[in-house]
Q: 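Handing you this structure, nothing more for now.
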Amino acid sequence: MTATQEKPIRILLVDDHQIIRDGLTDLIRTRADMKVIGDASNGEAAIALARREQPDVIVLDLDLGPESGLSLLPELLGVVPSSSIIILTGVRETEKRDEAMKLGAKGMVLKEKGATELLCAIEKVHRTGEYWFEPGAASRLFEKRSAVNSSQSEVDPDARKISSLTKTELEFITCIGDGMDNREIASRMHVAESTVRNSLTKIYDKLEIKGGRLGLLVYAYRHGIVKPSR
């Protein structure tokens, strides 16, 4: 089934600037597989629309004038937990952007990157369930988690589990660390996508990963299986 034959992705836009909301609406209308089901300029309106419309994806700005998108993010997930939230922002502080990902956002797109990246992020996050990281975000998030654990025992209790991984499984994890989706991994490794899915399931079991793909990334960076890019 092609993208245009699939059910359109229902999108809610949350930004305090009317011109941005109008521009995004016009942009999304160019895609037959996407549909704007509402837009809001503030938290109260966003919550009401999200509760009523149950959108697939919410595009949220972190700076809503007097309000904070960071505060609104968990509230939105509270009324529509099945929705994927993508942050579209011009906020320069990486700490705020990283905090949004930790609070449950599935994607981060900087306004300076343009329309194509946003559309790609919406499609990937919704269709595959994967995350859309801005460049450098994964390394920052996992370095912070590693620092929290630096005071723990030098003896790694997970060494036995890691040593059980095959060379091929380690290559799969490296691909995940490079931000590749299943199709891209299959192409690099010259295997079927079903093999990728089955291999990731085995890796999750071996490492006792409960958080899926993001949990594997956290684990891999924490234990040095994947090295943060510089």
Q: Are the side chains of T168 and M189 in contact, using a 4.5 Å heavy-atom criterion?
A: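 Of all side-chain heavy-atom pairs linking T168 with M189, at least one is under 4.5 Å.
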Q: Could you tell me whether E123 and R31 make a salt bridge, using a distance below 4.0 angstrom between a side-chain N and a carboxylate O?
A: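 Answer for the salt bridge query: yes.
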Q: Determine the minimum heavy-atom distance between V125 and S84, stating which atoms define it.
A: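 Between these two residues, the closest heavy atoms are CG1-CB, 3.4 Å.
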Q: Got a salt bridge between K202 and E169, using NZ or NE/NH1/NH2 to carboxylate O under 4.0 Å?
A: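 Here K202 does not pair with E169 in a salt bridge, since their nearest N and O are not under 4.0 Å apart.
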Q: Answer with yes or no whether the hydrophobic clustering places I162 together with Y221; edges join I, L, V, M, F, W, Y residues whose side-chain heavy atoms lie under 4.5 Å apart.
A: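 Linked within one cluster.
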Q: Measure from the side-chain N and O atoms of S68 to the backbone N and O of L64, and report whether any donor-acceptor pair falls under 3.5 Å.
A: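 Between the backbone of L64 and the side chain of S68 there is no qualifying donor-acceptor contact (under 3.5 Å).
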Q: So do I28 and L118 actually touch side chain to side chain, heavy atoms under 4.5 Å?
A: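 They are not in side-chain contact.
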Q: R10 side chain to E53 main-chain N or O, any donor-acceptor pair under 3.5 Å?
A: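 Pair found, side chain donor or acceptor close to backbone of E53.
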Q: Consider only side-chain heavy atoms of I, L, V, M, F, W and Y, link residues closer than 4.5 Å, and tell whether V36 and V80 are in one cluster.
A: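 In one cluster with V36: V80, no.
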Q: Within this structure, what is the CD1-CD1 distance for the pair I58 and I122, rounded to the nearest 0.5 Å?
A: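 Nearest 0.5 Å value for the CD1-CD1 distance: 12.0 Å.
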Q: Measure the spacing between CD1 of I37 and CD1 of I11 and express it to the nearest 0.5 Å.
A: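 Here the rounded value is 9.0 Å.
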Q: Main chain of E184, side chain of D181: is a donor-acceptor contact present, judged purely on distance under 3.5 Å?
A: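 At least one qualifying donor-acceptor pair exists.
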Q: State the CG-CZ distance between N182 and F172, to the nearest 0.5 angstrom.
A: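 With rounding to 0.5 Å, CG (N182) is 9.5 Å from CZ (F172).
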Q: If you compare all heavy atoms of L72 against all heavy atoms of A46, which two are closest, and at what distance to 0.1 Å?
A: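 So the minimum-distance heavy-atom pair works out to CD2-CB, 4.2 Å.
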Q: Please answer whether the main-chain N or O of K161 pairs with a side-chain N or O of S164 as donor and acceptor at a distance below 3.5 Å.
A: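 Yes, the answer is positive, given that a donor and an acceptor are paired below the 3.5 Å cut-off.
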Q: With hydrophobic residues grouped by side-chain heavy-atom distances under 4.5 Å, do V79 and I87 end up in a single group?
A: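 Yes, it is one cluster - the side chains of V79 and I87 are joined through contacts under 4.5 Å.
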Q: Given L103 and L70, is the side chain to side chain contact (heavy atoms under 4.5 Å, CB included) satisfied, shown in steps?
A: CA-CA 8 Å; L103 286 172; L70 283 177; 3.9 Å; yes
Q: Between T94 and R97, is a side chain to side chain contact (heavy atoms under 4.5 Å, CB included) present by the stated rule, with each step listed?
A: CA-CA 5 Å; T94 57; R97 303 202 302 262; 3.3 Å; yes
Q: Using a strict 4.0 Å threshold on nitrogen-to-oxygen distance, state whether K96 and E99 make a salt bridge.
A: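 Salt bridge absent between K96 and E99.
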Q: Please evaluate residues L200 and I176 with respect to the criterion side chain to side chain contact (heavy atoms under 4.5 Å, CB included), reporting the C-alpha separation (whole Å), side-chain torsions for both, the decisive distance (0.1 Å), and the verdict.
A: CA-CA 10 Å; L200 289 178; I176 297 294; 4.2 Å; yes
Q: Do NZ/NE/NH1/NH2 and the carboxylate oxygens of E112 and R92 come within less than 4.0 Å?
A: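 Salt bridge: yes.
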Q: Restricting to side-chain contact (heavy atoms from CB on, under 4.5 Å), what partner residues turn up for L77, sequence neighbours left out?
A: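 Checked L77 against side-chain contact (heavy atoms from CB on, under 4.5 Å); matches are L73, I85.
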Q: Sub-3.5 Å donor-acceptor pair from the side chain of T128 to the main-chain atoms of K124, do we have one?
A: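 Yes; judged by distance alone, with no hydrogens or angles, the pair exists.
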Q: How close do M101 and Y131 get, heavy atom to heavy atom, and via which atoms?
A: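 Closest approach of M101 to Y131: CE-CD2, 4.0 Å.
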Q: Please determine whether residues L60 and V57 belong to a single hydrophobic cluster, defined as Ile, Leu, Val, Met, Phe, Trp and Tyr linked transitively by side-chain heavy-atom distances below 4.5 Å.
A: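 As far as the 4.5 Å side-chain criterion goes, V57 and L60 are not connected within one cluster.
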Q: Identify the heavy atoms of C175 and R188 that sit nearest to each other, and give their distance.
A: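 It is SG-CD, 3.5 Å.
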Q: I'd like to check L214 versus K106 (side-chain heavy atoms, cut-off strictly below 4.5 Å). Are they in contact?
A: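 The answer is no, as the side chains (C-beta and beyond) never meet within the 4.5 Å cut-off.
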Q: Rounded to the nearest 0.5 Å, what's the gap from NE2 on H126 to CD1 on I9? Could you check?
A: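 It is 5.0 Å, given to the nearest 0.5 Å.
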Q: In terms of hydrophobic clustering (I, L, V, M, F, W, Y; side-chain heavy atoms under 4.5 Å; direct or indirect links), are V109 and V91 co-clustered?
A: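 The answer is no; the residues belong to distinct hydrophobic clusters.
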Q: Applying salt bridge (charged side-chain N to carboxylate O under 4.0 Å, His left out) as the test, list every pair that has at least one member in residues 12-22; sequence neighbours left out.
A: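 Listed by first then second residue: D15-K111, R21-D39.
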Q: Tell me whether the count of non-hydrogen atoms from other residues, nucleotides or ligands lying under 6.0 Å of NZ in K206 goes above 12.
A: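 Atom NZ in K206 is packed in, count exceeds 12.
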Q: Quick one: closest heavy-atom pair of C120 and W132, and the distance?
A: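 Heavy atoms only, the tightest pair is CB-CH2, 3.7 Å.
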Q: Has E67 got a side-chain atom pairing as donor or acceptor with G43's backbone, closer than 3.5 angstrom?
A: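 Side chain of E67 to backbone of G43: a pair is present.
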Q: R183: which residues meet the salt bridge (charged side-chain N to carboxylate O under 4.0 Å, His left out) condition with it, sequence neighbours left out?
A: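 Expected list: none.
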Q: Any side-chain heavy atom of L24 sitting closer than 4.5 Å to one from L88?
A: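 In short, these two side chains touch, coming nearer than 4.5 Å.
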Q: What distance separates S187 OG from M180 CE, expressed to the nearest 0.5 Å?
A: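 Reported to 0.5 Å precision, the distance equals 7.0 Å.
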Q: For R51, does its backbone N or O pair with a side-chain atom of Q54 as donor and acceptor, under 3.5 Å?
A: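 Flag set: sc Q54 to bb R51 pair under 3.5 Å.
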Q: So do L216 and I173 actually touch side chain to side chain, heavy atoms under 4.5 Å?
A: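 Answer yes - side chains close enough.
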Q: Identify the heavy atoms of L76 and A50 that sit nearest to each other, and give their distance.
A: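 Between these two residues, the closest heavy atoms are CD2-CB, 4.0 Å.
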Q: What distance do D98 atom CG and E93 atom CD have between them, rounded to the nearest 0.5 Å?
A: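 So the CG of D98 and the CD of E93 are separated by 11.5 Å.
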Q: Please evaluate residues V59 and L12 with respect to the criterion side chain to side chain contact (heavy atoms under 4.5 Å, CB included), reporting the C-alpha separation (whole Å), side-chain torsions for both, the decisive distance (0.1 Å), and the verdict.
A: CA-CA 6 Å; V59 177; L12 171 62; over 6 Å; no
